[in-house]
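Residues take their numbers from the sequence shown, with the count starting at 1.
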Amino acid sequence: MGSTPSMLTQYDIEEVQDHCDHAFSQQEIVSLYHRFCQLDRNGGGFVSADEFMSVPEFAVNPLSQRLLRMLDGLNFKEFVAFLSAFSPRTSLQQKIEFIFKVYDTDCNGKVAFDDILSILRDLTGSFMTEQQRQKVLTHVLEEAGYTKDSHFTLPDFMKIIGNSELKMEVEVPID
């Protein structure tokens with residue numbers, strides 16, 4: 001998979017489809033490859049954090065700095081695997097696993113109250129006070145049978161948000 005769109009073969013497309021559990025159609029993968037090549041300004045086959053920040057929608061995302069630690073230096077196959085979390089063909093469990101990785105900032109397999117509170121801070125900005133955020137988060141955790149002193153593993157995280165109507169989807173425009 002080279003740095004120009006013409007170098008994507010049928011074998012490459014199928015390999016990427018397998019790698020991302022068929023979250024994208026072959027046409028979508030070709031479109032994503034064109035977008036990847038646009039982002040990969042130096043043609044090295046990897047997209048840097050700076051290149052990701054050139055996407056206006058990404059740059060203004062309140063979670064962009066957290067996502068960058070997952071994105072910096074991805075090749076095309078990894079790029080598609082990352083984006084597969086946003087595919088309507090991806091299961092709720094896969095989406096929750098992705099969110100868990102975003103919340104698990106130190107990559108220790110656990111998420112603490114303060115980790116979730118920090119994300120909530122990023123998402124709500126000045127729309128909620130710190131006291132309101134803590135109250136909401138404490139309530140959600142208590143409803144799921146946890147306290148603010150709990151450390152959550154992936155199964156705990158599944159229990160907390162697994163029954164939600166979680167929607168994490170984007171459309172891939174097909175050129």
Side-chain angles (χ1 to χ4, degrees), residues 1-111 115-116 118-119 122-123 152-162 164-175:
M1 282 175 256
S3 60
T4 60
S6 62
M7 296 181 76
L8 192 63
T9 67
Q10 182 65 33
Y11 175 81
D12 292 332
I13 294 168
E14 291 170 5
E15 184 180 337
V16 170
Q17 266 192 311
D18 289 343
H19 185 71
C20 70
D21 295 324
H22 295 268
F24 297 108
S25 70
Q26 291 190 4
Q27 284 182 304
E28 289 170 326
I29 288 173
V30 170
S31 292
L32 288 171
Y33 188 67
H34 288 289
R35 183 64 177 137
F36 179 84
C37 291
Q38 290 170 346
L39 287 172
D40 182 17
R41 290 184 300 236
N42 69 2
F46 298 90
V47 179
S48 70
D50 289 340
E51 289 167 328
F52 275 111
M53 291 305 284
S54 72
V55 177
E57 297 85 357
F58 187 80
V60 299
N61 185 313
L63 298 178
S64 63
Q65 292 304 311
R66 293 175 186 278
L67 294 172
L68 278 179
R69 82 178 161 80
M70 299 170 72
L71 285 169
D72 193 22
L74 294 185
N75 65 28
F76 177 63
K77 203 184 324 188
E78 295 163 337
F79 174 75
V80 174
F82 173 84
L83 291 177
S84 68
F86 301 97
S87 169
R89 295 179 197 98
T90 300
S91 72
L92 178 62
Q93 179 172 336
Q94 290 169 306
K95 291 177 188 303
I96 293 172
E97 288 171 3
F98 175 84
I99 293 169
F100 183 81
K101 289 177 187 173
V102 173
Y103 280 56
D104 183 14
T105 54
D106 58 4
C107 302
N108 70 351
K110 296 179 184 172
V111 174
D115 295 327
I116 301 171
S118 177
I119 296 262
D122 291 345
L123 293 173
F152 312 101
T153 60
L154 182 57
D156 297 323
F157 211 70
M158 293 276 192
K159 179 181 172 187
I160 294 168
I161 62 175
S164 68
E165 295 293 321
L166 181 65
K167 297 283 185 221
M168 265 179 37
E169 298 175 4
V170 295
E171 281 187 37
V172 177
I174 297 175
D175 299 330

For this session: Please report the C-alpha distance between F157 and Y103 in whole Å, then the side-chain angles of each, then the deciding distance to 0.1 Å, and finally whether the ring-ring contact (aromatic ring centres under 6.0 Å, His included) criterion is met.
Result: CA-CA 10 Å; F157 211 70; Y103 280 56; 5.4 Å; yes
[X] and [Y]: which non-hydrogen atoms are nearest, and at how many Å?
X	Y	result
L154	I96	CD1-O, 4.4 Å
I29	L8	O-CD2, 4.4 Å
Q94	S91	OE1-N, 2.9 Å
L123	P62	CD2-CG, 4.0 Å
R41	S54	NH1-CB, 3.3 Å

Can you check whether [Y]'s main-chain N or O pairs, donor with acceptor, with [X]'s side chain at less than 3.5 Å?
X	Y	result
Q26	I13	no
K110	F152	no
D115	I119	no
R69	V102	yes
D21	A23	no
D104	K101	no

Between atom [atom1] of [X] and atom [atom2] of [Y], what is the distance when rounded to the nearest 0.5 Å?
X	Y	atom1	atom2	result
Q17	S25	CD	OG	7.0 Å
E15	T9	CD	OG1	8.0 Å
L71	M53	CG	CE	10.5 Å
M70	F98	CE	CZ	4.5 Å
E28	S87	CD	OG	6.5 Å
M158	T153	CE	OG1	10.0 Å

Exercise. Is it true that the side chains of Q65 and D122 contain a donor and an acceptor less than 3.5 Å apart?
Worked result: no
For this session: For the pair F76 and F36, name the ring-plane relationship: parallel under 30°, tilted 30 to 60°, perpendicular over 60°.
Result: perpendicular
Exercise. Are any of the side-chain heavy atoms of L67 and F52 separated by less than 4.5 Å?
Worked result: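 The answer is no, as the side chains (C-beta and beyond) never meet within the 4.5 Å cut-off.
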Exercise. Salt bridge (Lys or Arg N to Asp or Glu O under 4.0 Å) with D72: which residues, sequence neighbours excluded?
Worked result: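 So D72 forms no salt bridge (Lys or Arg N to Asp or Glu O under 4.0 Å) with any residue.
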Exercise. Taking only residues two or more places apart in sequence, or in another chain, which ones meet E78 in a side chain to side chain contact (heavy atoms under 4.5 Å, CB included)?
Worked result: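 Counting only residues at least two positions away or on another chain, E78 forms a side chain to side chain contact (heavy atoms under 4.5 Å, CB included) with L74, N75.
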